[in-house]
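The first residue of the sequence shown is numbered 1, and numbering continues consecutively from there.
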Amino acid sequence: MKLDNREIFKTLNPNKVWVPVLIGIGIVFFMFYMDPTVNAQTLRGVFDASIWSLLLALVFIVMRDAGYVFRIREITDKHLTWGRAIYVIILWEFASAVTPSIVGGTAVAVFILHKEGIPLGKALAFTMLTAIMDNLFFVLGAPIILYLAQGYIFPESRILEMRLGNSLEYLFWVSYTLYTLYSLLMALALFYRPRVFKWILLKLFSIRWLKKWKYQANGYGDQIIEASKEFKGKNLTYWLVIVGTTIFIWSSRYFMLNALISAYESLSLFEHVVVFARQIIMWIVMMISPTPGSSGTAEFFFAQFFNEFLTGYTFVTSILWRMFSYYPYLLLGAMFLPRWIRQVFFRKK
């Protein structure tokens with residue numbers, strides 16, 4: 001895999017934090033202007049929150065990030081110290097926050113791990129494994145939680161009905177199918193038959209109108225073969241720890257919003273399940289957003305998905321949700337990036 005440092009640093013650019021911030025602020029002001037129910041009294045409602053629920057939401061954020069740090073150390077066989085793992089996760093989250101979700105930060109993640117002293121092939125393998133595990137949580141966990149939600153996963157929203165009709169449900173299932181196929185294909189390629197995957201890839205790109213990408217396909221196939229070697233012989237404990245940590249990370253991510261909503265309105269156990277399930281649907285919507293870190297898209301769809309639980313507190317909760325789960329990573333990334341660059345590029349030999 002060839003890494004273009006210039007392109008990587010176009011993504012890892014502290015100045016990019018202003019783009020998603022301005023988009024998010026713009027959408028918030030637009031919603032404030034367009035919604036007649038939102039006024040100064042609504043904004044003062046932020047102080048009605050239960051302090052204990054807000055603290056619980058913060059605990060879930062810390063648990064999620066701690067899970068990320070622990071998982072990257074386990075995946076890399078503890079090559080990273082706790083301190084270096086924290087740097088990796090903060091910069092990885094920063095890269096995801098300043099790029100469109102559909103693009104992702106895979107190349108940046110490989111670059112960061114490689115600069116932390118991990119060979120390039122291993123860095124690619126570890127990044128791919130992380131992505132596969134995250135996708136499998138959605139692929140395997142979504143049917144279970146959606147079943148528990150008993151058909152209440154798609155919100156009844158006049159705005160969504162006017163703009164999307166029934167296409168939100170279709171979009172979810174089409175996206176779910178594509179994620180399932182992609183995750184299955186990558187898992188089989190990485191863990192089972194990487195050479196067969198490369199052979200299929202080369203056959204596919206031998207088609208006349210795809211031939212111009214055959215060289216890149218050949219290189220990608222070689223990368224998969226190299227990456228797959230890293231996981232041969234790993235014991236059951238290694239896989240159980242990574243799978244368990246992935247479940248812990250994503251559950252903490254979603255429970256944070258459950259706690260945040262509970263700060264304003266009491267939820268029954270079933271309503272907690274529905275809120276959790278709807279986050280899975282919204283995650284798909286945010287994944288196809290063209291804006292950096294789904295900025296703007298997230299704020300808009302939050303109101304459509306969770307208004308029935310929050311009513312008059314929807315607007316302030318959406319702002320708190322992004323302040324808790326998104327904007328800190330822009331700030332931390334901008335703070336940690338210059339220090340990381342000095343450490344990995346200018347450290348004493």
Side-chain angles (χ1 to χ4, degrees), residues 1 64-65 67-72 74-76 88-89 92-93 95-97 99-110 112-113 122-147 149 153 169-194 197 200-201 220-221 223-224 227-228 230-231 234 238-257 276-290 293-294 297-298 325 329:
M1 183 180 187
R64 187 198 79 157
D65 292 339
Y68 273 131
V69 172
F70 177 80
R71 186 176 68 171
I72 198 63
E74 292 299 313
I75 287 177
T76 60
V88 168
I89 294 304
W92 198 334
E93 288 292 298
S96 299
T99 55
S101 299
I102 196 170
V103 174
T106 301
V108 175
V110 175
I112 293 169
L113 289 173
K122 287 187 175 184
L124 174 65
F126 297 149
T127 304
M128 288 183 62
L129 177 60
T130 300
I132 289 172
M133 287 296 160
D134 288 340
N135 286 342
L136 286 179
F137 173 86
F138 169 75
V139 169
L140 300 178
I144 298 173
I145 193 66
L146 298 185
Y147 171 77
I153 53 173
E169 187 170 350
Y170 297 139
L171 175 64
F172 168 76
W173 289 115
V174 168
S175 300
Y176 175 81
T177 302
L178 292 176
Y179 266 97
T180 301
L181 293 175
Y182 172 77
S183 301
L184 180 62
L185 177 64
M186 295 310 299
L188 290 174
L190 191 61
F191 304 128
Y192 187 58
R193 287 287 188 268
F197 173 79
I200 294 173
L201 208 59
Y220 186 64
Q223 294 166 21
I224 293 292
S228 69
E230 180 60 29
F231 302 114
K234 296 292 185 184
Y238 177 86
W239 296 110
L240 289 177
V241 168
I242 293 173
V243 170
T245 307
T246 301
I247 294 172
F248 175 85
I249 289 168
W250 282 91
S251 297
S252 298
R253 174 195 287 262
Y254 289 160
F255 281 137
M256 185 276 290
L257 181 54
F276 192 99
R278 286 190 181 178
Q279 291 181 73
I280 295 176
I281 308 297
M282 200 166 75
W283 183 73
I284 280 292
V285 176
M286 292 169 62
M287 283 298 293
I288 61 176
S289 170
S294 302
T297 305
S325 64
Y329 301 103

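In this structure, OG1 on Thr130 lies 7.5 Å from CG on Leu113, to the nearest 0.5 angstrom. Interatomic distance, CE of Met133 versus CD1 of Ile242, reported as 6.0 Å (0.5 Å rounding). Annotation: the span from Ile72 atom CD1 to Thr127 atom OG1 amounts to 6.5 Å, rounded to 0.5 Å. Of the inter-residue distances, the one linking Thr180 atom OG1 with Leu136 atom CG reads 9.0 Å to the nearest 0.5 angstrom.
With hydrogens and angles ignored, the 3.5 Å screen pairs a side-chain donor or acceptor of Tyr238 with a backbone N or O of Ile75.
For Leu257 against Gln279, the heavy-atom pair with the smallest separation is CB-OE1, 3.5 Å. Here the closest heavy-atom approach between residue Val139 and residue Ser183 is recorded as CG2-OG, 4.0 Å. For Met256 against Ser325, the heavy-atom pair with the smallest separation is CE-CB, 3.5 Å. Residues Gly67 and Thr245 share a closest heavy-atom pair of O-CG2, 3.3 Å. The shortest non-hydrogen separation linking Ala189 to Ser228 is O-CB, 4.5 Å.
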Exercise. Could you walk me through whether Leu188 and Arg193 pass the side chain to side chain contact (heavy atoms under 4.5 Å, CB included) check?
Worked result: CA-CA 6 Å; Leu188 290 174; Arg193 287 287 188 268; over 6 Å; no

Exercise. Do Asp65 and Tyr329 pass the side chain to side chain contact (heavy atoms under 4.5 Å, CB included) test, and can you show the C-alpha distance, the side-chain angles, and the key distance before you say yes or no?
Worked result: CA-CA 11 Å; Asp65 292 339; Tyr329 301 103; 2.7 Å; yes

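Counting heavy atoms from C-beta on, the side chains of Phe197 and Leu190 never come closer than 4.5 Å. Counting only heavy atoms from C-beta outward, the side chains of Val110 and Met128 never approach each other to under 4.5 Å. A 4.5 Å side-chain heavy-atom check between Tyr68 and Phe248 finds every atom pair outside the cut-off. Annotation: side chain of Phe138 is in contact with side chain of Tyr176 (closest heavy-atom distance under 4.5 Å).
Salt-bridge check for Arg253 with Asp134: failed, with every basic side-chain N at 4.0 Å or more from each acidic carboxylate O.
The neighbour count for Tyr182 OH, taken as heavy atoms of other residues, nucleotides or ligands under 6.0 Å away, does not exceed 12.
Taking the six-membered ring for Trp and thresholds of 30 and 60 degrees, Phe231 and Phe191 have ring planes more than 60 degrees apart, a perpendicular arrangement. Taking the six-membered ring for Trp and thresholds of 30 and 60 degrees, Tyr254 and Phe137 have ring planes inclined between 30 and 60 degrees apart.
Just one of Ile132, Leu129, Asn135 meets the side-chain contact (heavy atoms from CB on, under 4.5 Å) condition when paired with Met186; it is Ile132.
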